[in-house]
Engineer: 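Below you will find the structure I want to go over with you.
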Amino acid sequence: MEEEDGYHCPSQTEPEIERRTHKEWPWPSVEMLSKYRQDELLDANDWHYLAEGGKSLLVRYMGPQTCKDPKTGQDTPVPWTSPDGRRALALRMDKRKRRGPPPAVQKLKVNVQHEFTETSCPPSADSRLEWPATERYAFETTVITNFLRGLSSGSGTPASPSSSQSDGETTGEQWECSEAPPYLSPLLPYNRRLVCRWHGRKRLAFLEAIANAAEPHRPSHRREMDEIDIDCPDALDVIEDLSWTPRDGVDQDVLCVEIKPKWLFEPGDDEVSSGKDDSRPISRYRKHAILKADGALTPQEVDDLYEPLDLASADPPRVRRALQGLVRNWQKGGNNLRLFCRGAQQPARASSGVEGNNPLANALERLINAQKGSSNLSLTTDAADLVTPALLPALLSPRFQALVARLGFLQRSLVPGPRGDLAHLKALWDMSSEKKGRKLEDATLTGDKKDEPMFFDPSMHDWNDFLTYWFSKEDPSQRSEDWAASTTTPAPARDTKRARGGEASGGGNHSRSSDIVTPPTWKEMRHALIGTLLSGTFKDASIWIRIPMPSSAELQSQSANEGHPGYVDGRSIHLIDVDPKPMKKLSHWLQLDDDIERSYREWKAKHAIQEVEGSDKRSRTD
Ligand SMILES: O=P(O)(O)O[C@@H]1[C@@H](OP(=O)(O)O)[C@H](OP(=O)(O)O)[C@H](O)[C@H](OP(=O)(O)O)[C@H]1OP(=O)(O)O
Ligand SMILES: Nc1ncnc2c1ncn2[C@@H]1O[C@H](COP(=O)(O)OP(=O)(O)OP(=O)(O)O)[C@@H](O)[C@H]1O
């Protein structure tokens with residue numbers, strides 16, 4: 001793409017960006033998959049509800065573990081699970097706004113089998129499955145992987161094709177790696193797109209059957225709002241199922257912990273939290289929670305909220321407090337903590353159950369015992385009491401802390417300006433010749449429709465250009481310093497010192513247009529927008545920890561007080577939901593920023609939280 005101001009294809013020779021060659025996931029291989037016709041492998045009844053977010057819904061494979069090899073006619077492991085049964089793939093389906101009220105669950109159950117079989121039709125020769133790399137895969141391997149360099153997923157990870165290359169204990173968090181990084185960061189679950197050539201109503205029938213079977217398991221607030229998009233193209237997104245638990249027995253159980261940490265850096269302005277004795281800045285997460293609750297939170301309730309800055313502090317008492325906040329969030333049905341065991345999401349309302357019969361409580365207790373070196377199972381019934389002691393070691397592990405530190409660093413420093421908010425971006429826009437009298441929120445909303453390349457969603461070409469800019473602009477010595485600091489201190493709030501005045505993305509020092517001496521060039525403005533989008537991706541990502549349970553035999557064989565070193569740490573850590581954000585999100589974020597600040601000001605006024613005379617800190621007067 002060649003623009004008037006010299007916006008051009010980046011050089012392909014930058015030393016720091018890894019442009020990786022394609023490396024196949026060993027299972028299932030393209031060859032293995034293309035042996036089958038889709039009818040032989042895709043039966044809607046085999047896919048059961050796993051979980052969902054705002055945009056997508058996942059179904060996991062629950063069908064037979066073997067199928068007939070089309071060539072030999074012999075039983076062979078089905079490609080959706082690995083030959084050893086320890087890994088599996090899930091389908092990630094797009095959702096759309098619901099058209100009409102949600103259907104009655106009872107009716108849906110009856111329809112599943114009927115609809116699917118009724119519309120089945122004979123397979124044809126051109127229905128062989130294909131397995132191409134996708135734009136999303138390219139984004140993850142090229143963009144996300146580069147920003148996660150140096151971070152390790154952990155021992156025993158099932159997730160990475162190249163885990164043997166890079167796993168093991170964290171060896172340091174330097175930005176530069178002497179070894180070639182893996183094709184896909186070991187933190188990211190493998191994913192591909194499965195192209196299916198359906199006939200007639202068959203695609204619809206397949207997707208409808210999956211959607212209907214999933215419906216009774218969906219949370220009601222999601223059912224009201226959206227549904228699986230059954231009009232999606234003839235392809236299915238396939239992703240490694242990180243919640244997968246081998247099916248042969250309780251002793252193989254895997255506990256999975258999903259944490260959506262949100263904003264992990266200190267806000268730029270010095271405000272204190274609502275607590276009387278606490279002079280730390282109030283985090284953006286808490287301000288957002290005040291907005292979401294329409295201001296109806298007491299200062300005590302705000303203090304009891306989950307605190308991302310505590311989570312990333314690496315300080316045991318603060319991390320414990322963050323975890324307790326996450327547990328309360330889980331109990332109230334929030335989305336910052338999710339727990340899975342025996343492959344199923346565990347709702348907090350079922351956390352206390354019939355004695356000895358609560359899988360989550362059992363798993364947590366097993367974990368605590370494994371850490372202590374004890375084999376006594378007291379079969380506590382309330383899982384909520386066990387979450388903090390069981391998971392604290394994982395959250396304090398160097399791997400987890402390195403990841404949250406990196407996320408905080410990226411969330412803040414990919415946005416232009418030192419504060420991590422959108423003030424500097426707005427200031428740059430005010431100086432930009434592209435402004436043409438428009439507010440940034442209006443321009444980001446309508447710019448793409450007006451055919452303005454400034455507001456096009458970034459293509460892979462744009463992402464590559466941004467990477468080139470980002471990695472080459474950095475002063476490596478300062479970057480390493482920041483990098484090292486980002487791994488040892490809580491969510492870094494320091495200025496990265498790397499930007500020159502008026503620099504678009506990556507930490508300029510100014511947030512008012514009057515401070516910006518030089519108007520941004522077209523390309524600098526574009527980089528500022530793209531960096532902000534990427535920061536949003538890292539803000540919305542979730543961390544996934546997989547902890548295989550020690551078997552009863554393992555627990556029995558441990559001598560008292562010895563403990564099981566492997567269970568003291570999170571076993572394997574991953575990052576999920578790293579989708580690129582569209583340009584129109586910027587408009588939403590700009591509005592959200594304003595709303596968050598307005599509602600926080602109102603809340604402070606309501607609770608008489610005032611500025612302390614002669615100080616830039618504030619405290620509550622009551
Ligand atoms: O805007 P936020 O911070 O509320 O984040 C949204 C999330 O809300 P949360 O605050 O985590 O409950 C929201 O999460 P939920 O749907 O509420 O689980 C989505 O992750 C949304 O992303 P997208 O629109 O699906 O790409 C998120 O939107 P983005 O702003 O990250 O695009
Ligand atoms: N690889 C995976 N293995 C197992 N479960 C997963 C995996 N990826 C996602 N999930 C589960 O599915 C949920 C939705 O997935 P994801 O976050 O990718 O969707 P989304 O719609 O983009 O979410 P959001 O609305 O938060 O942006 C996750 O919160 C998680 O519980």
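One-based numbering, in listed order, for ligands and for the atoms of each.
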Engineer: Regarding ligand 1, does W263 bring an N or O atom to under 3.5 Å of one of the ligand's N or O atoms?
Structural biologist: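 Such a contact does not occur with ligand 1.
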Engineer: Any atoms of ligand 1 less than 4.0 Å from a non-hydrogen atom of K292? List them with their elements.
Structural biologist: 9 (P), 10 (O), 12 (O)
Engineer: Enumerate the atoms of ligand 1 whose separation from the nearest heavy atom of K539 is less than 4.0 angstrom.
Structural biologist: 1 (O), 2 (P), 3 (O), 5 (O), 29 (P), 30 (O), 31 (O)
Engineer: Does any N/O atom on K581 come nearer than 3.5 Å to any N/O atom on ligand 2?
Structural biologist: no
Engineer: In the protein, what heavy atom is nearest to atom 14 (C) of ligand 2, and what distance, to one decimal place, separates them?
Structural biologist: G53 N, 3.2 Å
Engineer: What atoms in ligand 1 come closer than 4.0 Å to a heavy atom of H588?
Structural biologist: 1 (O)
Engineer: For atom 31 (O) of ligand 2, what is the closest protein heavy atom, and at what distance to 0.1 Å?
Structural biologist: E258 OE1, 2.4 Å
Engineer: What closest approach, in Å, do W603 and L297 show between heavy atoms, and which atom pair accounts for it?
Structural biologist: NE1-O, 2.6 Å
Engineer: Does any non-hydrogen side-chain atom of T245 lie less than 4.5 Å from one of C341?
Structural biologist: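 In short, these two side chains do not touch, never coming nearer than 4.5 Å.
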Engineer: Nearest protein heavy atom to atom 11 (C) of ligand 2, by residue and atom, and its distance?
Structural biologist: A51 CB, 3.6 Å
Engineer: Is any side-chain heavy atom of L590 closer than 4.5 Å to one of D594?
Structural biologist: no
Engineer: Who's closest to atom 9 (P) of ligand 1 heavy-atom-wise, of R284, K581, K262, H221?
Structural biologist: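 Closest candidate by heavy-atom distance is K262.
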Engineer: Quick one: sort the F340 and W544 rings into parallel, tilted or perpendicular, breaks at 30° and 60°.
Structural biologist: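 Plane angle between 30° and 60°, so tilted.
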Engineer: Pick whichever of K585, K95, K584 has a heavy atom sitting closest to atom 24 (O) of ligand 1.
Structural biologist: K585
Engineer: So, is the end of the R406 side chain (NZ or CZ) under 6.0 Å from the ring centre of F147 and within 45° of the ring's axis?
Structural biologist: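 Cation-pi check for R406 and F147: fails.
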Engineer: Among protein heavy atoms, which lies nearest atom 7 (C) of ligand 2, and at what distance?
Structural biologist: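 Checking every protein heavy atom, the shortest distance to atom 7 (C) of ligand 2 gives L58 CD2, 3.5 Å.
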Engineer: Looking at ligand 2, would K95 count as a contact under a 4.0 Å heavy-atom criterion?
Structural biologist: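 K95: no contact with ligand 2 (<4.0 Å).
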Engineer: Can you tell me which residue and heavy atom of the protein come closest to atom 2 (C) of ligand 2, and the distance to 0.1 Å?
Structural biologist: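 Here the closest protein heavy atom is E240 O, 3.4 Å.
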Engineer: Select the closest option to atom 16 (O) of ligand 1 among R222, K55, H288, E52, judged by heavy-atom distance.
Structural biologist: R222
Engineer: Of the protein's non-hydrogen atoms, which lies at the shortest distance from atom 16 (P) of ligand 2, and what is that distance?
Structural biologist: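 Atom 16 (P) of ligand 2 sits closest to the protein heavy atom R92 NH2, 3.7 Å.
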Engineer: Under a 4.0 angstrom heavy-atom cut-off, which atoms of ligand 1 come close to G54?
Structural biologist: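 Listed by number with element: 16 (O).
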